[in-house]
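This report concerns only the one structure given below.
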Amino acid sequence: MTPTAGLPIVTATEMRAAEDQAIAAGRSVDDLMAQAGAGVADIVAQQANGRRVLVICGPGNNGGDGYVVACRLAEAGLSVRVAAIAAPRTDAASRARAAWHGPVEALADAAPGPVLVDCLFGTGLARAIDPAIAAALGAVPAFDRTVALGAMKPGHLLQPSASLCGTIDVVDLGLDLPRTTMVLAPPVLGPPPPEAHKYSRGMVAVIGGAMAGAGLLAAIAALRSGAGYVTVLDGEGGGPHALVHRPLSATTLAEPRIGALVIGPGLGRDEGARAKLADALSTAHKLLIDGDALHLVSVDQLPARRVPMILTPHAGEFAALFGQGAGSKIDRTREAARCSGAVVVFKGADTVIADPKGRVIVAEPGSSWLSTAGTGDVLAGAIVAMLASGLPPIDAAAAGVWLHAAAARRCAGAFIADDLAFALSAVRGGV
């Protein structure tokens with residue numbers, strides 16, 4: 001398995017541009033195809049473990065990769081069959097087909113094989129699959145392994161396709177790739193320095209609301225993610241003794257040692273909630289806006305605020321604030337960050353982080369057990385702790401998302417948000 005954390009993610013257009021650049025610099029399509037096919041063959045050989053292999057090829061260069069794979073596997077002593085939907089239509093694919101000396105079956109007539117290698121279509125596909133081909137393939141299978149040639153693509157990380165990819169390996173083709181969109185990587189945080197004190201580690205203030213438990217979850221998560229001091233303003237008490245409860249007032253909100261403020265978890269949507277949001281927006285504190293506050297704030301209010309902000313919407317909150325938008329989740333998150341002037345964490349079964357300058361980080365799929373009440377409040381707490389510690393907003397968001405996912409992996413199945421918040425201490429202590 002290839003470690004994918006920290007690798008670039010490219011679109012089909014960006015991938016083709018990188019290949020064209022390599023060809024202009026002297027590399028041939030055949031060379032790229034040989035390197036891609038060899039890399040895939042090595043991975044398939046490990047997966048096959050001596051079992052018979054069926055390689056299915058399309059008419060383009062992705063099919064050419066498949067013929068290279070078949071040749072390499074046969075040379076390694078595996079039993080290999082090849083099936084195709086059509087003859088090659090590119091010169092490089094035709095040369096790769098000529099190098100395969102075995103028979104090529106029609107896909108519609110091919111019997112199944114214990115190991116299937118799908119080389120039908122690649123980044124050149126820009127239309128729906130022909131119905132006749134789709135009928136021959138049947139439902140899209142959940143693959144055990146997916147090989148990303150040259151770089152990760154959005155479909156490897158965004159749902160619903162991400163759930164079908166299985167283990168993802170990347171074959172490096174030596175291309176010069178853009179790095180504006182990246183896979184989430186583990187943060188490098190370390191323990192507090194010897195001279196640290198509670199305020200230097202970051203003071204977090206959580207504004208309470210109608211559902212006090214949500215604010216408590218965010219506050220506890222902030223403590224367990226490393227914040228040195230956490231205060232709940234206008235809460236109802238409760239939580240560990242380490243939490244400080246204070247009334248919400250102009251004085252407590254103006255506390256200069258607050259490193260970051262969070263509003264939204266359990267806030268409510270009445271006039272009192274609106275007044276609290278207005279107070280939060282008027283401060284000079286770094287601000288995380290979550291939950292109900294995302295239904296109360298408008299995009300027009302945000303760009304004029306010159307202090308760093310992070311927004312953490314799920315799909316419903318994103319639509320309420322930004323509309324449905326167009327394009328992929330990456331496209332929509334990038335545009336939302338640009339127009340709001342804030343870092344946006346568009347969370348869900350896939351999570352995308354973007355900043356106003358166009359930088360994007362995409363998390364690998366997390367635990368489906370996160371689909372329980374309160375886990376978003378825990379995420380808000382983890383992120384705001386990172387923001388209060390002094391990390392730049394996008395790095396704070398990325399670190400919080402990573403800690404949250406790592407905490408989920410430490411929990412047993414059917415965990416609740418309280419378990420998740422508790423698990424953050426061990427995770428934060430290890431990075």
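What you see is a predicted model; the values in this text were computed from it and never measured.
- For Lys153, there are no salt bridge (charged side-chain N to carboxylate O under 4.0 Å, His left out) partners two or more places apart in sequence or in a different chain.
- Partners of Asp42 according to the salt bridge (charged side-chain N to carboxylate O under 4.0 Å, His left out) rule, which considers only residues two or more places apart in sequence or in another chain, do not exist here.
- For Met211, the CE atom is loosely surrounded, since the number of other residues' heavy atoms within 6.0 Å does not exceed 12.
- For Ala417 against Gly374, the heavy-atom pair with the smallest separation is CB-C, 3.5 Å.
- The shortest distance between side-chain heavy atoms of Val44 and Arg72 does not fall below 4.5 Å.
- Counting only residues at least two apart or in different chains, salt bridge (Lys or Arg N to Asp or Glu O under 4.0 Å) contacts with residues 336-346 comprise Glu335-Arg338.
- Between Ser368 and Ser371, the side chains place no donor N or O within less than 3.5 Å of an acceptor N or O (distance only, hydrogens not considered).
- In terms of modelled atom types and a separation under 3.5 Å, the side chain of Ser340 and the main chain of Ala336 share a donor-acceptor contact.
- For the residue pair Asp331/Ser328, the side-chain donor-acceptor check at 3.5 Å is satisfied.
- Side-chain contact between Pro240 and Ile220 is present, with heavy atoms from C-beta onward closer than 4.5 Å.
- Checking side-chain atoms of Ser389 against main-chain N and O of Met386 turns up a donor-acceptor pair under 3.5 Å.
- Under the 3.5 Å distance criterion, the side-chain polar atoms of His245 are left unmatched by any main-chain donor or acceptor of Gly239.
- Shown here are the ring pair (Phe, Tyr, Trp, His ring centres under 6.0 Å) partners of Phe318, two or more places apart in sequence or in another chain: Phe322, Phe346.
- Here the side chain of Gln35 pairs a donor or acceptor atom with the backbone of Asp172 at under 3.5 angstrom.
- The minimum heavy-atom distance between Ala214 and Pro265, with the atom names listed, is CB-C, 3.6 Å.
- Checked by atom type and distance alone, the side chain of Asn61 never pairs as donor or acceptor with a backbone atom of Gly64 at under 3.5 Å.
- Summarising the geometry, atom CD1 belonging to Ile9 is positioned 10.5 Å from atom NE2 belonging to His156; distances are rounded to the nearest 0.5 Å.
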Going through the checks in order, is the side chain to side chain contact (heavy atoms under 4.5 Å, CB included) test met by Val307 and His285?
CA-CA 7 Å; Val307 185; His285 301 310; 5.7 Å; no

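- Contact between Ala134 and Ile129 at its shortest, heavy atoms only, is N-CG2, 3.9 Å.
- A donor-acceptor contact shorter than 3.5 Å links the side chain of Arg334 to the backbone of Gly358.
- Considering CG of Asp144 and CD of Gln47, their distance stands at 5.5 Å, rounded to 0.5 Å.
- A side-chain hydrogen bond (donor to acceptor under 3.5 Å, both in side chains) check over residues 406-422, counting only residues at least two apart or in different chains, returns nothing.
- In this structure, Met152 and Val170 approach most closely via the heavy-atom pair SD-CG2, 3.7 Å.
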Could you go through Leu216 and Leu243, starting from their C-alpha distance and side-chain angles, then the distance that decides it, and tell me whether this counts as side chain to side chain contact (heavy atoms under 4.5 Å, CB included)?
CA-CA 9 Å; Leu216 280 178; Leu243 275 182; 3.7 Å; yes

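- Within the structure, salt bridge (Lys or Arg N to Asp or Glu O under 4.0 Å) contacts touching residues 222-247 (residues at least two apart or in different chains) are Asp234-Lys276.
- Leu125 is not listed as a side-chain neighbour of Leu120, based on a closest heavy-atom distance of 4.5 Å or more.
- Applying the side chain to side chain donor-acceptor pair (under 3.5 Å) test to His314 and every residue at least two apart in sequence or in another chain returns Glu317.
- For Ser161 (side chain) and Gly155 (main-chain N/O), a donor-acceptor pair under 3.5 Å exists by modelled atom type.
- Here Ile263 contributes atom CD1 and Leu277 contributes atom CG; the two are 5.0 Å apart, rounded to the nearest 0.5 Å.
- Looking at Thr231, its side chain does come within 3.5 Å of a backbone N or O of Val244 through a donor-acceptor pair.
- No side-chain heavy atom of Thr180 sits under 4.5 Å from any side-chain heavy atom of Val360.
- Qualifying side chain to side chain contact (heavy atoms under 4.5 Å, CB included) partners for Tyr199, counting only residues two or more places apart in sequence or in other chains: His197, Met203, Tyr229, Arg257.
- In this structure, Glu19 CD and Arg27 CZ are separated by 9.5 Å, a value rounded to the nearest 0.5 Å.
- Counting only heavy atoms from C-beta outward, the side chains of Leu107 and Leu137 approach each other to under 4.5 Å.
- Put simply, the residue from Leu281, Leu296, Leu261, Leu267 that forms a side-chain contact (heavy atoms from CB on, under 4.5 Å) with Ile289 is Leu281.
- Residues Arg305 and Thr283 have side chains that bring a donor and an acceptor to within less than 3.5 angstrom of each other.
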Side chain to side chain contact (heavy atoms under 4.5 Å, CB included) for Leu149 and Thr123? Distances and angles first, verdict last.
CA-CA 10 Å; Leu149 298 178; Thr123 55; over 6 Å; no

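- Summarising the geometry of Pro8 relative to Met182, their closest heavy-atom pair is CA-SD, 3.7 Å, with the distance given to 0.1 Å.
- Qualifying salt bridge (charged side-chain N to carboxylate O under 4.0 Å, His left out) partners for Arg274, counting only residues two or more places apart in sequence or in other chains: Glu271.
- Here the CD1-CD1 distance, from Ile353 to Ile383, works out to 7.0 Å after rounding to the nearest 0.5 Å.
- Annotation: Phe422, atom CZ; neighbour count of heavy atoms from other residues, nucleotides and ligands within 6.0 Å does not exceed 12.
- Atom CG of Asp20 is separated from atom CE of Met15 by 10.5 Å, given to the nearest 0.5 angstrom.
- Pairs passing the salt bridge (Lys or Arg N to Asp or Glu O under 4.0 Å) check and including a residue from residues 290-302, sequence neighbours excluded, read Arg269-Asp292, Asp290-Lys347.
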Working for side chain to side chain contact (heavy atoms under 4.5 Å, CB included), residues Leu54 and Ile56:
CA-CA 6 Å; Leu54 170 64; Ile56 57 176; 4.1 Å; yes

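- Applying the salt bridge (Lys or Arg N to Asp or Glu O under 4.0 Å) rule to pairs touching residues 383-398 yields Arg359-Asp395, sequence neighbours excluded.
- Across all non-hydrogen atoms, the minimal contact from Leu321 to Val299 is O-CG2, 3.2 Å.
- Residues Leu184 and Thr351 form no side-chain contact, since every pair of their non-hydrogen atoms from C-beta on lies 4.5 Å or further apart.
- Every residue meeting the side chain to side chain contact (heavy atoms under 4.5 Å, CB included) condition with Ala86, not counting sequence neighbours, appears here in chain and number order: Pro59, Arg89.
- The closest side-chain heavy-atom distance from Leu311 to Leu302 is below 4.5 Å.
- Asp350 places none of its side-chain heavy atoms less than 4.5 Å from the side chain of Val362.
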